[in-house]
Q: 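My structure is below; once you've seen it, I'll send some questions.
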There are 2 protein chains.
Amino acid sequence: MNDPSPHILVVDDHRDIRETLARYLVKNGLRATTAESAAHARKALKAASIDLVVLDIMMPGEDGLSLCRHLVETGSIPVILLTAMADDTDRVIGLEIGADDYVTKPFNPRELLARIRAVLRRTSIVPRERDPIEQEELGFEGWRLNVSKRELLDADGVVVPLSSGEFQLLCAFLKRPKMVLTRDQLLDLTTGRTPTVFDRSIDNQVSRLRRKIEVDPKDPKLIKTVWGGGYMLTADVKGSAE
Amino acid sequence: MNDPSPHILVVDDHRDIRETLARYLVKNGLRATTAESAAHARKALKAASIDLVVLDIMMPGEDGLSLCRHLVETGSIPVILLTAMADDTDRVIGLEIGADDYVTKPFNPRELLARIRAVLRRTSIVPRERDPIEQEELGFEGWRLNVSKRELLDADGVVVPLSSGEFQLLCAFLKRPKMVLTRDQLLDLTTGRTPTVFDRSIDNQVSRLRRKIEVDPKDPKLIKTVWGGGYMLTADVKGSAE
DNA sequence: TCCGGTTTTCAAGGATCTCTAACGCTGTCA
DNA sequence: TGACAGCGTTAGAGATCCTTGAAAACCGGA
């Protein structure tokens, strides 16, 4: 298993800061790329597989905060904000937007490195959405789900056709086994929608999925319902991320 | 939808700090419990369902760092460290141990709240490392409870169906055997609710559970009632934590 | 032992949540 | 255009849980 070292993108308009930091990170076993503006950062993000972004909030041109917001909303790359401001309100804004962490300048490189490692440790436990390093095949209770072919095989290797909704629901469960997932979470993970007032669509998809993968859909063993909570996949998943 | 608000444990030896902070958190829609030492914190962690710990590093007696290390290693509860020290090296140690975040005193409550929310958001979506202490299967008096499958087996290996409430109640008992648990604690551990004035729901759940696992529900041996105190599981539990 | 106040038990009823069949809308394909 | 699959919505039945209330059990003191 080749495990390339995490790739950090350092975004700061001060050349000495970003280059010193990048050198320090490389010296400590990480890969680093630098960008001097939000625009350059966007290019770098397209061009390389970045695992984490260290981002200066105060930059000329497009604001660091707006890039941060974009990263948090669209992508799934963790962000550590960097700023010269000691003002509390602005510090809070960054976290409220959804940045994963926050460091004020002047910063101690060793602390920043520790924070980078902490964030990477957290986020690498499970591949984030759209993670390119996704497993091809996930196995559970005799079943196998080929993610790239979107095919579900039973114990005998026979294909069981799944609709795309059922496939996405099953994926959501397989990526988070043995975890109680609320309807809202499942709705978000499968369709990205926000729930309407009386939303029973997830119940229905679960019901449909159970009909296909449960031995006895009336007495489900794989997908259990948690009264007042949501649903949970009880099976062990092989080939899942680690 | 009853979505119990996250329960925060504030550990600090300064009474004014922990109580002010706890009040602030409650005022902002969280639940809070306080502990004045690492030892008290351990008790609180057993007695209540804690979602996150805010922990002062510098405390007399057992060090905050050692409790933090314990939490990170064994449990799966996120930790935010609190400290008066501005010294960089000590700040780094906390993160390297695996704390989820770090705030220096004197802190802005609003920032701490934002960090708490940020950590909770992360940990609720991304499953944490599987709790190594969390046993798959708990055995007691011939019974076996498979926690991840949410299934109870009798001595002959036959599945005895449990409702979600019964399962959660049994879990609460099995993780704290031979300990008197008050109704309030049990309510918190099972549903996260805060009790209403005349709350007899736990009595009912106990009654239902007894009907399923006691030989003679009228003369319970496994779940004894402690008059004026609560309930207690009398059995030895194999495979339970420590 | 008996008595009064307190706590616990548990059945009954109502409230809430879940399941799933049925229906209709939308997009696809021949 | 018509047949069809997929999916959200609706609604009624069923499951689960909380609240209520009356009776039983318990405790301490007389």
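No hydrogens, no waters, no symmetry mates; every other heavy atom, side chains included, goes into these values. Fair warning: this is a prediction, and the values are worked out from it, not measured in the lab. Labels below follow one simple rule: chain letters A, B, ... track the order of the sequence lines, proteins then strands, and each chain is numbered from 1.
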Q: Hey, is the side chain of Arg208(A) poking within less than 4.0 Å of OP1 or OP2 on dC19(C), counting only N and O atoms?
A: no
Q: OP1 or OP2 of dT16(D) sitting under 4.0 Å from any side-chain N/O of Gln205(B)?
A: no
Q: Just by distance, no angles: are the side chains of Asp184(A) and Thr182(A) close enough, under 3.5 Å, to form a donor-acceptor pair?
A: no
Q: Would you say Arg211(B) places a side-chain N or O within less than 4.0 Å of OP1 or OP2 belonging to dA11(C)?
A: yes
Q: Heavy atoms only, 4.0 Å cut-off, all strands: where does Tyr231(A) land among base, sugar-phosphate and nothing?
A: sugar-phosphate
Q: For Leu187(A) and dC7(D), what is the distance between atoms CG and C1' respectively, to the nearest whole Å?
A: 12 Å
Q: Would one find a side-chain N or O of Ser163(B) under 4.0 angstrom from OP1 or OP2 of dC17(D)?
A: yes
Q: So, is Thr225(A) close to the dC19(C) phosphate, meaning a side-chain N or O under 4.0 Å from OP1 or OP2?
A: yes
Q: Write down the distance between CD (Glu214(A)) and C1' (dC19(C)), rounded to a whole number of angstrom.
A: 14 Å
Q: Anything under 3.5 Å between a protein N or O and an N or O of nucleotides 28-30 of chain D, put it in a table, one pair a line.
A:
none

Q: Would you compute the distance between atom CG of Leu209(B) and atom CD of Glu214(B) and round it to the nearest 0.5 angstrom?
A: 8.0 Å
Q: In whole angstrom, give the distance that lies between atom CZ of Arg183(B) and atom P of dC18(D).
A: 14 Å
Q: Asp219(A) has an atom CG; how far is it from atom P of dT18(C), in whole Å?
A: 18 Å
Q: Under the side chain to side chain contact (heavy atoms under 4.5 Å, CB included) criterion, do Leu21(B) and Thr34(B) qualify, and how do the steps go?
A: CA-CA 9 Å; Leu21(B) 178 55; Thr34(B) 59; over 6 Å; no
Q: Asp203(A) has a side chain; which of dT18(C), dC10(C), dC7(D) sits nearest to it?
A: dT18(C)
Q: Is there a donor in the side chain of His7(B) and an acceptor in the side chain of Ser49(B), or the other way round, less than 3.5 Å apart?
A: no
Q: Roughly, in whole Å, what's the span from CE in Met232(B) to P in dT8(C)?
A: 15 Å
Q: Against Leu25(B), only a single residue in Thr20(B), Val10(B), Thr33(B) fulfils side chain to side chain contact (heavy atoms under 4.5 Å, CB included); can you say which?
A: Val10(B)
Q: When you check the phosphate oxygens OP1 and OP2 of dC10(C), does a side-chain N or O of Ser207(B) lie under 4.0 Å from one of them?
A: yes
Q: What's the CG-P distance between Leu209(B) and dT16(D), to the nearest Å?
A: 14 Å
Q: Mark up nucleotides 19-26 of chain D, 5' to 3', with B wherever a protein heavy atom is under 4.0 angstrom from a base atom, S wherever such an atom reaches only the sugar-phosphate, and - elsewhere.
A: BBBB---B
Q: Is any NZ, NE, NH1 or NH2 atom of the basic residue among Glu166(A) and Arg211(A) found under 4.0 Å from an Asp or Glu carboxylate oxygen of the other?
A: no
